[in-house]
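Numbered from 1 within each chain, the chains take letters A, B, ... in sequence-line order.
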Amino acid sequence: MAYWLMKSEPEVFSWDDLVAKGAQGEEWDGVRNYQARNNMRAMKLGEKAFFYHSRTATEVVGICEIIAEAHPDSTTDDPRWECVDVRAVQPFPQPVTLAMCKADPRLADMVLVNNTRLSVQPVRDSEWAVVCELGGL
DNA sequence: GCCAACGTTGGC
DNA sequence: GCCAACGTTGGC
């Protein structure tokens, strides 16, 4: 079971927007980056991902679940781009900010800290546990 | 809003 | 295949 982290600008699509979609979830479309796409292709049904607010909030706000594996992105005719569907599972009692991640030596190798521009990224098991702890879960 | 980092494109 | 130009992302 792999863990992931997915970024979204809250002005475009926020955690609250995903929560509002309920059990049907939402397509994680719009990714136009090969690395990010490859990560989505590797996602399996039922795997969990952190939902991260980029740019204005820069914090992990909740946990979502993969409810559909990679399929063509409905927002483009370009067959290169695929996306998965996700639904909100659980918000963090306390959001985990980027600053908190940078400050914790256990997260020094986290992709979020080292490759800021990758919007869909893998999270190691140990990192998943640390972020959950920091978030009060 | 600015700018650095990174990815992609296209001319050669 | 190289590399300059350009576009986009995301932290600040």
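- Under a 4.0 Å N-O distance rule, the pair Arg37(A)/Asp73(A) does not qualify as a salt bridge.
- When each of Arg80(A) and Asn115(A) is assigned the nucleotide of DNA chain B bearing its nearest heavy atom, the one mapping closer to the 5' terminus is Asn115(A).
- Salt bridge present: Glu133(A) and Arg106(A) bring a charged side-chain N and a carboxylate O closer than 4.0 Å.
- Tyr34(A) and Trp81(A) have tilted rings, their planes meeting at an angle from 30° to 60° on a 0 to 90° scale.
- For an aromatic pair to be called close, the ring centres must be under 6.0 Å apart, and Phe50(A) with Phe92(A) satisfies this.
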In the 5'-to-3' direction, what one-character label does each nucleotide of nucleotides 6-12 of chain C receive under the scheme B = base within less than 4.0 Å of a protein heavy atom, S = sugar-phosphate only, - = no such atom? -BBBBBB
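- Aromatic pair Phe51(A)/Trp28(A): ring centres closer than 6.0 Å.
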